[in-house]
Every structure is written in C-alpha cells, then in structure tokens.
Protein chains: 2
Amino acid sequence: MLADVELAKSYRLLNHGPTVLVSSAAAGRRNVMAAAWAMPLDFDPPKVLVVIDKSTYTRELVEASGEFVLNIPCRAQAEQVVRVGSESGHGRDKFASSGLEPLPARKVGAPRVAGCIAYLECKVVLEPHNQRQYDLFIGEVVAAQADDALFSDGHWHFDDDPAKRSLHYIAGGAFFATGEAFSV
Amino acid sequence: MLADVELAKSYRLLNHGPTVLVSSAAAGRRNVMAAAWAMPLDFDPPKVLVVIDKSTYTRELVEASGEFVLNIPCRAQAEQVVRVGSESGHGRDKFASSGLEPLPARKVGAPRVAGCIAYLECKVVLEPHNQRQYDLFIGEVVAAQADDALFSDGHWHFDDDPAKRSLHYIAGGAFFATGEAFSV
C-alpha cells in the first residue's frame, strides 16, 4: 500500500542513489523518461536535482508545466526503464509504447507511474542558468509516497522480494539491484 | 592495481549512485568528508555535482583551492566513511582520527584516500550562486582511475569480493552494498 512519507524524510527515498523515472505533463500531453542523474539537494524544505537533456520531450513538458514526478522503479520494471530511457517521446506516447501505466499524482499535474515503489512530486525551482547551461533542474518536493511494505520509519526494507528492489543504472542495459543492507 | 579510466567514460564510476568521500587540501591543510549527494552532470568534458555544506571544513578548503577529489570507498571502509561523515574537520585531522591514509593525486593538490576503489580528480567550475544558495559544487573531472580488478572496459565487476563493493548510504550508519548485476 502507498503511504505518505514525511517531507523532511523524503530525501531518504533517493539517498542511496537509485535510478528514477521522470514523468511530466503539459497541455494534455504526457511523457516518461529514465534518469540515472537525480539526487537530493536539501532536507527541509526538501529539494532534488535531476538532469534533463535539451533533446528530450520531457524537457519541453517540464519547462511548460514547472512540475515533474520522480518515480522510483523496481527490478520488475527494468525492461520498461530501459525502453523509456532509449526511445524519444517526440511523436510517441511512451506510456502506451512501454506498457507503463500513468496514475494521477496528488499535488502536481504530472502523472505518476504505476507499479513504482516510491514517488516524489516536485515543483521546479526556476534557475534558468542551470537549466540552459547544464540541463540541470531543481525541484521542491511537495508530496512523497512509498510502498509501506518497502519503506517505513524512514528506511527502505528490501529484504523480502528481489523483484521489488530499486535499480542503479550503469549503461547499455546493465544495472545493479540495490544490495545487502548493513549498519556500522 | 589502479588504472586510468578514459575521461569520457568516467561518469560510469558514479552512475550507479555510490556514496563518496570528498578529499581536499589548501595551504598545507587537508580534509576528508563523506557525501551521499554526488552524481555525474555531463559526459564530455566530464562534470560532476556534489553538495558541500557551508558548515564543513571541506567547504573552506575547496573554495580556497578550487579542487577536490571524489573517492569511491568500498564496504571494507564503511566504518571510516561513517566516522568522517559525522565528525568535523574543524580543528581535527580527520585522516589521522579515522585511520584513512592520504595519497598524492595526479592532477590536483587535494589528496586521494588510500584503499578506495576509484578516484575522480576535479577542478571546481565556479558557479557562485549555486555554491552560496544551494551548497552545490560543479567539478570538471581532470583525471580518473579505478581498481582494474573491479572496473574494466567501462564497467564495474563486483562479483568476486563483497568487501570491495561500493556503498549507498541511507542514514544513521545504515548502508546498502551495491547488489547483483543484471542486464535486460
């Protein structure tokens, strides 16, 4: 079941460096792309960074709407992550072509991606120089949810189901799954 | 053995989102801190992002020198990573207090941290607004090396030795090790 994640703890969803799906919408159009280059930027109010290349359709939709969702996919979705990471959304509905299902988000107009294990809904903090020069976007997290079987009390618990582990993309369709948890 | 990594492939050292150690030096002083918030920003010339809080001694040294090294530590170093991530370098030599050993870098004055599995030597790309407003630093990677038993042909190979896997920090001394490799 999806459960709200306290905003000040939402950085923990991304702190271990998982690959994300960036979903967006504007003027009745929607898109989803994969991004390995996303991370937390601040705790409270929580902010995130994500690199969105100028060539992508996602870039048009994020700049038009000022919103995006970072969806954290799991190993069961790895093929779809590669697919939406390699084909362009220009002239194509990547939800339809990948089989990923859009779901309404709670506080932004961008859709969420069904079956992901966590969601960070974000509003763009406008930084035109970073966007233009580095393709770098800052988002303030305005809502966060996670699968409560996998994330509770501010921590991920991946032990039970390998198919539900988060992903760490390398290149060429190669990933690492999130591995063994340990404490020191 | 450490081997050079082609600069245009150096993003692959960080692409899977490992926690890093940031080492720095200026005017005969040196420091090392842990950072979970580091990622690639560009391929060629390769750039990286890292968040360095205003309260840290590392911040002073990086701003004074315009250089830092991102060192990728392994599971065998997890206790030291937590230690240099929790104590301050103000008035303390954290290399000495943690037992981490500084080694000369190749192209920057900042030291490297012995025993790490990869190194990205960086020169700061000055962006005063990002530094001041977001504690966000951009580095251009000017040299990259990795343990060639673990990284070759542009890919990590962690299968043989659990103690040599990279780390993904969560909070409160809790980590994930980098997990199973797979391709789709």
Side-chain angles (χ1 to χ4, degrees), chain A residues 9 11-20 35-43 47-51 53 75 77-83 85 125 127 129-130 133-136 138 151 154-156 158 162 165-184, chain B residues 9 11-20 35-43 47-51 53 75 77-83 85 125 127 129-130 133-136 138 151 154-156 158 162 165-184:
Chain A
K9 293 268 174 70
Y11 77 94
R12 302 247 187 122
L13 298 172
L14 280 181
N15 214 61
H16 66 299
T19 293
V20 300
W37 297 358
M39 71 176 186
L41 174 65
D42 205 351
F43 297 103
K47 295 190 193 72
V48 297
L49 292 174
V50 61
V51 176
D53 193 80
R75 183 161 177 175
Q77 298 170 305
E79 279 188 43
Q80 292 159 310
V81 171
V82 171
R83 181 146 192 178
V125 177
E127 287 287 358
H129 171 70
N130 284 334
Q133 183 75 15
Y134 300 112
D135 297 330
L136 180 64
I138 298 174
F151 186 90
H155 284 274
W156 286 107
F158 288 124
R165 286 178 185 241
S166 54
L167 302 170
H168 305 266
Y169 191 62
I170 307 159
F175 293 89
F176 294 110
T178 299
E180 185 185 354
F182 67 97
S183 289
V184 299
Chain B
K9 293 266 174 71
Y11 77 93
R12 302 247 187 122
L13 298 171
L14 280 182
N15 214 61
H16 65 300
T19 293
V20 300
W37 297 358
M39 71 175 186
L41 175 64
D42 206 352
F43 296 103
K47 296 189 193 75
V48 297
L49 291 174
V50 61
V51 176
D53 194 79
R75 183 160 176 175
Q77 297 170 305
E79 278 188 44
Q80 292 159 311
V81 171
V82 171
R83 181 146 191 176
V125 177
E127 287 286 359
H129 171 69
N130 283 336
Q133 182 76 14
Y134 300 113
D135 298 330
L136 180 64
I138 298 174
F151 187 89
H155 284 273
W156 286 107
F158 287 124
R165 288 179 183 239
S166 53
L167 301 170
H168 304 265
Y169 191 61
I170 308 159
F175 293 89
F176 295 109
T178 299
E180 185 186 353
F182 68 97
S183 288
V184 300

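A note on names: the letters A, B, ... follow the listed sequences, proteins ahead of strands, and every chain is numbered from 1. The structure displayed is predicted, hence computed values, not measured ones.
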Could you look at [X] and say if it's the side chain, the backbone, both or neither that has a heavy atom under 4.5 Å from chain A?
{"X": "B:Asp53", "result": "neither"}
{"X": "B:Thr178", "result": "both"}
{"X": "B:Leu14", "result": "neither"}
{"X": "B:Val125", "result": "side chain"}
{"X": "B:Leu136", "result": "side chain"}

Restricting to non-hydrogen atoms, name the atom on [X] and the atom on [Y] that form the minimum distance, rounded to 0.1 Å.
{"X": "A:Asn15", "Y": "B:Tyr169", "value": "ND2-O, 3.0 Å"}
{"X": "B:His168", "Y": "A:His16", "value": "ND1-O, 2.9 Å"}
{"X": "B:Val184", "Y": "A:Ala78", "value": "CG1-CB, 3.8 Å"}
{"X": "A:Ala38", "Y": "B:Met39", "value": "N-SD, 3.2 Å"}
{"X": "B:Ala174", "Y": "A:His155", "value": "CB-CE1, 4.2 Å"}

Report, as yes or no, whether the 6.0 Å neighbourhood of atom CD on A:Glu79 holds more than 12 heavy atoms from other residues, nucleotides or ligands.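 12 or below, so no.
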
What residue in A:Leu49, A:Val82, A:Thr19 has the most heavy-atom pairs under 4.5 Å with chain B?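 Heavy-atom pairs under 4.5 Å are most numerous for A:Leu49.
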
For B:Phe182, enumerate each residue passing the ring pair (Phe, Tyr, Trp, His ring centres under 6.0 Å) test, keeping only those at least two apart in sequence or located in another chain.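 Ring pair (Phe, Tyr, Trp, His ring centres under 6.0 Å) list for B:Phe182, sorted by chain: A:Phe175.
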
Once you round to the nearest 0.5 Å, how far does [atom1] of [X] lie from [atom2] of [Y]?
{"X": "B:Phe176", "Y": "A:Phe158", "atom1": "CZ", "atom2": "CZ", "result": "5.0 Å"}
{"X": "A:Glu127", "Y": "B:Tyr134", "atom1": "CD", "atom2": "OH", "result": "3.5 Å"}
{"X": "A:Leu41", "Y": "B:Asn130", "atom1": "CG", "atom2": "CG", "result": "9.0 Å"}
{"X": "A:Tyr11", "Y": "B:Trp37", "atom1": "OH", "atom2": "CH2", "result": "7.0 Å"}

Does a side-chain N-to-carboxylate-O contact under 4.0 Å join A:Glu180 and B:Arg165?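 Looking at A:Glu180 and B:Arg165, the cut-off is not met.
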
Interface residue of largest heavy-atom contact number with chain A, from B:Pro40, B:Ala171, B:Gly173, under 4.5 Å: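 If we count pairs closer than 4.5 Å to chain A, B:Pro40 comes out on top.
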
